[in-house]
Amino acid sequence: MKIAVVTGANRGIGFEVCRQLARERFTVILTARDAAKGKRATEKLHEENFSVEFHQLDVTDESGIRLLSHFIEEKFGKLDVLVNNAAIIGSRKSVSDADMSEITEVMQTNYFGPLRVTQALIPLLKKSDDARVINVSTGMGVWSDLNGTYAGYRLSKVGLNSLTAMFANDLLHSKIKVNSVCPGWVRTDMGGENAQRSVEQGADTITWLATQKNIPTGKFFRNRKEISFF
Ligand code: NAP
């Protein structure tokens with residue numbers, strides 16, 4: 001049995017990743033910071049007969065991350081896939097005038113969150129024969145696209161891509177592969193209704209990386225193809 005955890009999965013791309021992984025016969029642990037929203041999302045997937053469990057997780061809450069890790073250890077003894085999906089976008093303010101409090105909040109969620117969650121779950125990922133960490137990033141974190149707007153968000157996603165490279169190198173001799181994905185511009189609360197892509201399309205490359213037999217590590221993907229971090 002393959003076990004996957006998805007963060008920020010009560011709506012948007014994370015929710016659809018849960019559905020797609022469950023369709024691929026994963027047992028999915030759908031996590032959300034708001035328990036009521038997370039349970040409702042899980043019930044929707046139960047109605048579609050998928051094997052999904054809910055566990056509360058705010059990625060900024062260290063003790064909650066420890067509880068999740070204990071839960072997985074006791075119930076499953078290992079973890080095969082971690083999707084670091086939870087994020088906030090913050091305001092459009094530029095790096096010259098964005099409030100430090102806002103930048104800090106975005107960094108806590110989008111950068112320190114995945115760092116904490118990945119660190120905590122590495123011991124369980126090491127118990128898998130073929131584990132993957134998938135960091136949901138964005139083209140807005142690509143080096144050559146770094147204009148000054150959305151300061152906190154861009155900084156956090158450049159940081160997330162650095163985590164992909166550093167964890168991949170650190171875990172090079174393990175069975176854990178670590179990669180970033182850009183889902184494209186997707187119709188969610190974050191992407192807005194004018195976005196070009198459906199959630200199904202946005203989730204596709206994430207599911208593909210979770211299920212492909214042989215994948216590289218330390219890379220960045222969009223539309224199932226490698227793209228440059230720079
Ligand atoms: P979304 O619809 O805004 O959903 C974001 C999810 O993250 C929600 O479930 C939200 O929970 C959760 N979240 C926020 N802070 C959290 C925290 N501290 N702990 C746990 N969960 C938290 O966004 P989306 O469009 O699905 O985005 C998913 C991922 O794709 C993000 O990493 C985003 O940066 C990336 N992305 C999206 C687009 C796009 O066009 N949509 C483009 C490029 C990259 P609540 O419901 O409780 O707020």
Side-chain angles (χ1 to χ4, degrees), residues 5-20 28-42 44-45 52 54-65 67-68 82-92 102 104-118 120-121 133-142 145-146 149-161 163-164 179-207 209 220-223 227 229:
V5 167
V6 185
T7 67
N10 52 292
R11 59 187 164 98
I13 295 168
F15 178 66
E16 178 59 24
V17 168
C18 290
R19 176 186 276 127
Q20 292 185 5
V28 179
I29 304 167
L30 181 158
T31 70
R33 59 179 165 178
D34 181 315
K37 289 183 191 169
K39 283 179 187 162
R40 266 201 303 278
T42 306
K44 271 193 218 159
L45 295 177
V52 178
F54 170 69
H55 201 279
Q56 196 270 340
L57 179 71
D58 181 328
V59 299
T60 65
D61 172 19
E62 217 157 316
S63 61
I65 295 171
L67 287 177
L68 173 69
L82 165 62
V83 181
N84 283 313
N85 167 80
I88 52 175
I89 191 157
S91 79
R92 199 175 185 285
E102 184 195 311
T104 305
E105 190 194 353
V106 176
M107 292 295 279
Q108 279 296 347
T109 307
N110 302 3
Y111 174 64
F112 290 112
L115 172 54
R116 283 199 189 93
V117 173
T118 306
L121 297 183
V133 176
I134 301 164
N135 291 326
V136 185
S137 184
T138 166
M140 288 170 75
V142 169
D145 269 355
L146 286 183
T149 62
Y150 290 99
Y153 188 69
R154 287 185 196 275
L155 283 170
S156 70
K157 294 296 189 176
V158 172
L160 182 65
N161 284 346
L163 290 180
T164 294
N179 291 288
S180 283
V181 170
C182 168
W185 186 23
V186 182
R187 286 187 296 280
T188 62
D189 291 346
M190 185 186 288
E193 59 191 25
N194 294 327
Q196 297 145 341
R197 320 190 90 199
S198 64
V199 280
E200 289 82 359
Q201 291 169 316
D204 176 75
T205 299
I206 300 166
T207 305
L209 270 177
F220 194 7
F221 291 89
R222 181 193 285 141
N223 296 332
I227 59 171
F229 285 111

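Numbering of ligands and ligand atoms starts at 1, following listing order.
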Donor-acceptor contact below 3.5 Å, side chain R116 vs main chain E62
no
the protein heavy atom lying closest to atom 6 (C) of ligand 1 turns out to be G8 O, 3.5 Å
Is the shortest side-chain heavy-atom distance between I13 and I206 below 4.5 Å? yes
Got an N/O contact under 3.5 Å between A9 and ligand 1? no
Test of proximity, A86 against ligand 1: N or O pairs below 3.5 Å
no
Out of V186, T138, I13, D189, the nearest non-hydrogen contact to atom 37 (C) of ligand 1 is supplied by I13
Note: K37, heavy atoms under 4.0 Å from ligand 1, region reported as side chain
Worksheet item: Just by distance, do the side chain of R154 and the backbone of T149 share a donor-acceptor pair under 3.5 Å?
Response: yes
Atom 23 (O) of ligand 1 sits nearest the protein heavy atom M190 CB, 3.5 Å
Checking V28, I29, L30 against F54 for side-chain contact (heavy atoms from CB on, under 4.5 Å), the one that qualifies is L30
Quiz item: Is it the case that K157 places NZ or CZ above or below the six-membered ring of Y150, under 6.0 angstrom from the centre and within 45 degrees of the axis?
Solution: no
Nearest non-hydrogen protein atom to atom 20 (C) of ligand 1, with distance, is L57 O, 3.4 Å
Taken to the nearest 0.5 Å, the spacing of N85 CG from N110 CG works out to 10.0 Å
Note to self: Are any of the N/O atoms on R11, whether in the backbone or the side chain, positioned under 3.5 angstrom from an N/O atom of ligand 1?
What the structure shows: yes
So the atoms of ligand 1 within less than 4.0 Å of a heavy atom of G12 turn out to be 2 (O), 26 (O)
Closest to atom 24 (P) of ligand 1 (heavy atoms only, candidates V59, I206, T188) is T188
query = Ignoring hydrogens and geometry, is there a side-chain-to-backbone donor-acceptor pair from R187 to A195 under 3.5 Å?
reply = yes
**Asked** So, does N85 sit close enough to ligand 1 that a heavy atom of it is under 4.0 Å from the ligand?
**Response** yes
Going by the 4.0 angstrom heavy-atom rule, the piece of S137 near ligand 1 is backbone
Atom 35 (C) of ligand 1 sits nearest the protein heavy atom V136 CG1, 3.7 Å
Under 3.5 Å between any N/O of N10 and any N/O of ligand 1: does that happen in this structure?
yes
Under 4.0 Å between heavy atoms, the region of K157 that gets near ligand 1 turns out to be side chain
| query | Does W185, backbone or side chain, put an N or O under 3.5 Å from an N or O of ligand 1? | reply | no
I'd like to check whether T109 has a polar contact with ligand 1, where a contact means an N/O of the residue lying under 3.5 Å from an N/O of the ligand.
no
Checklist entry - Do any nitrogen or oxygen atoms of Y153 lie less than 3.5 angstrom from nitrogen or oxygen atoms of ligand 1? => result yes
(Q) Main chain of D61, side chain of R33: is a donor-acceptor contact present, judged purely on distance under 3.5 Å? (A) no
Heavy-atom proximity to atom 43 (C) of ligand 1 ranks first, among G184, A41, G192, for G184
(message) Tell me if a side-chain donor or acceptor on Q201 pairs with a main-chain N or O of S198 at a distance below 3.5 Å.
(response) yes
Any sub-3.5 Å donor-acceptor pair from E102's side-chain atoms to S91's backbone N or O?
yes
Output yes when the distance from some N or O of ligand 1 to some N or O of I88 is under 3.5 Å, and no in every other case.
no
Q20 side chain to E200 main-chain N or O, any donor-acceptor pair under 3.5 Å? yes
Find out whether V186 and V199 are in side-chain contact, i.e. whether some heavy atom of one side chain is under 4.5 Å from a heavy atom of the other.
yes
Check: Under 4.0 angstrom from ligand 1, any heavy atom of P183?
Finding: yes
